[in-house]
Amino acid sequence: DAGVTQSPTHLIKTRGQQVTLRCSPKSGHDTVSWYQQALGQGPQFIFQYYEEEERQRGNFPDRFSGHQFPNYSSELNVNALLLGDSALYLCASSLPDFRAAFFGQGTRLTVV
Amino acid sequence: QQPVQSPQAVILREGEDAVINCSSSKALYSVHWYRQKHGEAPVFLMILLKGGEQKGHEKISASFNEKKQQSSLYLTASQLSYSGTYFCGTEGYNTDKLIFGTGTRLQVFP
C-alpha cells in the first residue's frame, strides 16, 4: 500500500517565479491538507481539500492556491515567490471520519 | 492560537521515562501526537478524541483533559528510536484545521 507521495523532493526557484507542488494521497484517503514547515518550526496549516473544494484555509496569502483532482491527488501553487517562502512543504492525507494525518516526505523549496 | 508544548527539550538515557505536555487556549475537539525525525516527515502516533483516548503504541500513551484543554504524552522505558521532535496537533470544534504545537525535542542516549 503506497503512502502519501510528493513530487518533486527538492526545488530551487528564483524570487518572483511560480511553483507547483504535487501530492498523491494514501490509498483510500479523500482529504488532502498542505502544510509549510520552516526550519526548526512546527508545520503551519495552509489549506485542506475535500471533494475537489477548498474546505479550510490557514493564514496564508492568496499567492498560495491549490487544487484537488477527481482521483483525490492535489497540487499546491505558489505565485510571486518570496525568499520567505523557502521551507519544507508537506502534504497530508486523511479520512473524513478518522482525521489522523498521514504525511508525505515533503518538498524542500528553496527560493533564491 | 498555537498550542504550547513543554518542555522544549528533553534528554534521556535508554530506559528512562518522559512526559510531554501540550496546552491550548481554545476548546479542543481532538488532540493528535506526531513524531518527526530530522529530515523526515512527521509520523502519526495517536489521536485522542473528546470523551476518550486511543492508545497507538506500546509504551507510548497519552491523556486528554478537555476541561483544561491539555494533553500529555507519556513515553515509558524509552528506546533510542524514540529520539526526534514531538508535536501535538489540535483540532477545535467546527473546524478540520490541525494546528501544530511548538514542538518538543527528545534525545535518547545509550
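Residue numbers begin at 1 in each chain, while the letters A, B, ... track the order of the sequences.
Scanning all heavy atoms of the two residues, the minimum distance from A41(B) to G104(A) falls at CB-O, 2.8 Å. Minimum heavy-atom separation, F87(B) to G42(A): CE2-CA, 3.3 Å. Contact between K97(B) and F45(A) at its shortest, heavy atoms only, is CG-CE2, 3.3 Å.
Contact annotation for Q41(A): only backbone heavy atoms (N, CA, C, O) come within less than 4.5 Å of a heavy atom of chain B. With a 4.5 angstrom heavy-atom cutoff, Y35(A) touches chain B only via side-chain atoms. With a 4.5 angstrom heavy-atom cutoff, Q2(B) touches chain A only via side-chain atoms.
A chain of hydrophobic side-chain contacts below 4.5 Å, direct or via other Ile, Leu, Val, Met, Phe, Trp or Tyr residues, connects L83(A) to L21(A). Transitive grouping of hydrophobic side chains (ILVMFWY, heavy atoms separated by less than 4.5 Å) keeps F60(A) and F100(B) in distinct clusters. At a threshold of 4.5 Å between side-chain heavy atoms, the hydrophobic network of Ile, Leu, Val, Met, Phe, Trp and Tyr places W34(A) and V4(A) in two separate groups. Cluster annotation: L76(A) is not connected to Y50(A) through the hydrophobic network of ILVMFWY side chains, with a link wherever side-chain heavy atoms come within less than 4.5 Å. The hydrophobic clustering, which links ILVMFWY residues whose side-chain heavy atoms are closer than 4.5 Å, places L81(A) and L90(A) apart.
Contact count against chain B (heavy-atom pairs under 4.5 Å) is highest for Q48(A) among Q105(A), Q48(A), R108(A). Taking Q44(A), R55(A), R57(A) one by one and counting their heavy-atom pairs under 4.5 Å with chain B, the maximum is reached by R55(A).
Summarising the local packing, OH of Y72(A) is surrounded by 12 or fewer heavy atoms from other residues, nucleotides or ligands at distances under 6.0 Å. Counting heavy atoms of neighbouring residues, nucleotides and ligands inside a 6.0 Å radius, atom CG of L80(B) exceeds 12 of them.
Between S33(A) and L98(B) the shortest side-chain heavy-atom distance does not fall below 4.5 Å.
Below 30°, between 30° and 60°, or above 60°: for F44(B) and F102(A) the angle between ring planes is between 30° and 60°, a tilted geometry.
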